[in-house]
Amino acid sequence: MSKKYWETLPQGSVVLEAGSSAKFKTGGWRSMRPKWIEENCIQCMFCWMYCPDMSVKVTAEGKRAEFDYDYCKGCGICALECPGKKGKKAIVMEEEGK
Amino acid sequence: MTTKPLRLKELAKGEDRFAHGHRMCAGCGAPIVVKQVLMATDYPIIAANATGCLEVSSCIQEYTAWKIPWIHSAFENSAATISGVEAMYRSLVKQGKIDDKQVKFIAFGGDGGTYDIGFQSLSGAMERGHDMMYVCYDNGAYMNTGIQRSSATPFGANTTTCPAGDVIPGKPQQRKDLTRIMAAHGIPYIAQASPGNWMDLMKKVQKAFEIRGPKFMNIIAPCNRGWRSRTDDAITLAKLAVETCYWPLYEIENGVTRVTVKPKEKKPLVDFLKPQGRFKHMFAPENEGMLKQAQDYVDAQWDRLLKESAAGEAEKAE
Ligand SMILES: Cc1ncc(C[n+]2csc(CCOP(=O)(O)OP(=O)(O)O)c2C)c(N)n1
Ligand code: SF4
Ligand code: SF4
Ligand code: SF4
Ligand SMILES: [Mg+2]
């Protein structure tokens, strides 16, 4: 991150770029990593709805796509709430870096 | 504006108005609440936010997670701040200086910022009749400063300012029922919601935005740090809160109360308490009476609510 000085910041601490937090990647916080098992996925979208970190990607057609590991903090909510198919989860949590 | 259909497949095609890269803890309930509130509608929204976990973690230096105009306000005055914005907007529209784009106004505050320190400005804004919605995300303590008790902290909970030990067994008082206090303001719409019941939550937001005047929503927001629970259980606990009737889902529209989601089977309160470390001491043999006291309180509140809801139904049928 380049150093910024007060002269170059907008007056009054106004942030002019909406959603600029996307420049700050929180994926490095993760110690557990969710893994998507597509064949068990019923496309219910619960994982997308309940993710606190907007880290489940969606295609233009509104279908579930991969995780966004740049931001996913590995909380495991998606895995716990995933109904999966026939009792088989479509998301499992694995230790990061293994 | 037509009300947007609440189908997950359709909603997922839309753009989030709360971005990733925010710095709430992993598994925090508050961002789930915010994303659901903002997702419920396509109206342009301007929000104010009282100091608290949500505020300090969503806007840091030049990083903001908000994709709507958003203003940081002090801990005690988000309702006053947004009521001023709303009044200015109405005035500018009236003077013909801007077009009316049907902008909606929201103040977000934590339970500390709402039940306690911001209560005066909230009460004032409601009484003045501003066309705004106040959303309290209730995690049951002052989490951002290290889990101090608030008047929303449940009975028995262990916090740093009511620590469970030899002197007291956690918080000695029952929680304040702010939703009912807001009802006493006679405002047109009041609701209680949970992010575990996303459809119910979003329906309430949609309804609120079609009503002119002050609205209040109280939304439970699990906090795994303060509740001493797991990082993956925010939604599970948000659902258990509803299923045990600890956090009933209801609305009060023009003075008429209606329970919006009745649990199929009312679960014992311990199902909600047990997974949370803040209630651990209540399960010790010497504190057994506390569990009964907590259950009795929930039962009494729930019975009263059912009566009020039945009276509301009867009134509607007439
Ligand atoms: C007047 C004032 N007193 C104290 C504080 C310190 N403070 C900042 S956030 C906070 C707690 C907020 O609690 P709550 O509203 O419940 O939100 P949470 O952090 O739990 O999400 C406190 C005490 C402050 N910012 N301003
Ligand atoms: S682990 Fe948590 S942050 Fe990561 S995708 Fe699942 S719900 Fe989102
Ligand atoms: S919750 Fe599970 S089944 Fe549902 S869309 Fe996500 S991965 Fe697929
Ligand atoms: S302390 Fe609690 S409310 Fe605050 S960010 Fe962490 S989990 Fe969320
Ligand atoms: Mg709080």
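Chain letters run A, B, ... following the sequence lines, proteins first and then strands; every chain starts at 1.
- For B:Lys4, the NZ atom sits in a packed shell: over 12 heavy atoms of surrounding residues, nucleotides or ligands are nearer than 6.0 Å.
- Heavy atoms of B:Ile71 lying under 4.5 Å from chain A are absent altogether.
- Looking at B:His20 and A:Asp68, their side chains come closer than 4.5 Å, going by heavy atoms from C-beta outward.
- Within 6.0 Å of atom CD in A:Glu7, more than 12 heavy atoms from other residues, nucleotides or ligands are found, so the atom counts as buried in its surroundings.
- The environment of CD in A:Glu39 is crowded: more than 12 heavy-atom neighbours from other residues, nucleotides or ligands sit within 6.0 Å.
- Around the NZ atom of B:Lys280, the shell of radius 6.0 Å holds no more than 12 heavy atoms that belong to other residues, nucleotides or ligands.
- Across B:Ala19 and A:Met54, no two heavy atoms sit closer than the pair O-CE, 3.7 Å.
- No donor-acceptor pair under 3.5 Å is formed between the side chain of A:Tyr50 and the backbone N or O of B:Ile235.
- To the nearest 0.5 Å, atom CD1 of residue B:Ile32 and atom CE of residue A:Met49 are 10.5 Å apart.
- The distance from atom SG of A:Cys75 to atom CZ of B:Arg230, rounded to the nearest 0.5 Å, is 11.0 Å.
- Put simply, NZ on B:Lys9 and CZ on A:Arg64 are 12.5 Å apart, with the number rounded to the nearest 0.5 Å.
- Both the backbone and the side chain of A:Lys23 come within contact range of chain B, judged by heavy atoms closer than 4.5 Å.
- By the neighbour-count criterion of 12 heavy atoms within 6.0 Å, atom NZ of A:Lys89 is densely surrounded, having more than that number from other residues, nucleotides or ligands.
- Heavy-atom pairs under 4.5 Å with chain A peak, among B:Arg23, B:His72, B:Met24, B:Met39, at B:Arg23.
- Cation-pi geometry between B:Lys35 and A:Trp48 is satisfied (NZ or CZ under 6.0 Å from the ring centre, within 45° of the ring normal).
- Neither the backbone nor the side chain of B:Glu10 comes within less than 4.5 Å of any heavy atom of chain A.
- Of the listed residues (B:Gly196, B:Ala234, B:Ala30), the one with the most heavy-atom contacts under 4.5 Å to chain A is B:Gly196.
- Heavy-atom neighbours of A:Glu38 CD from other residues, nucleotides or ligands within 6.0 Å: at or below the threshold of 12.
- Shown here for A:Pro52 and B:His22, the closest heavy-atom pair between the two residues is O-NE2, 2.8 Å.
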B:Leu8/A:Phe46 under side-chain contact (heavy atoms from CB on, under 4.5 Å): CA gap, chis, key distance, verdict: CA-CA 8 Å; B:Leu8 277 168; A:Phe46 288 163; 3.6 Å; yes

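- Counting heavy-atom pairs closer than 4.5 Å to chain B, the top-ranked of the candidates A:Lys73, A:Met93, A:Gln43, A:Met32 is A:Lys73.
- If you measure heavy-atom distances from A:Ala60 to chain B, the contacts under 4.5 Å come from the backbone alone.
- For A:Ser20 against B:Glu62, the heavy-atom pair with the smallest separation is OG-O, 2.8 Å.
- With chain B as the partner, the residue from A:Asp53, A:Val15, A:Val58, A:Asp70 showing the most heavy-atom pairs under 4.5 Å is A:Asp53.
- How far CG of B:Asp232 is from CD1 of A:Ile77: 7.5 Å, rounded to the nearest 0.5 Å.
- Looking only at distances, no side-chain donor or acceptor of B:Thr64 sits under 3.5 Å from a matching main-chain atom of A:Ala18.
- Proximity to chain B is absent for every atom of A:Cys78, based on heavy atoms less than 4.5 angstrom apart.
- Salt-bridge formation is detected for the pair B:Lys239/A:Glu81: a Lys NZ or Arg NE/NH1/NH2 atom is positioned less than 4.0 Å from an Asp or Glu carboxylate oxygen.
- Between B:Gln61 atom CD and A:Ser21 atom OG the span is 13.0 Å, to the nearest 0.5 Å.
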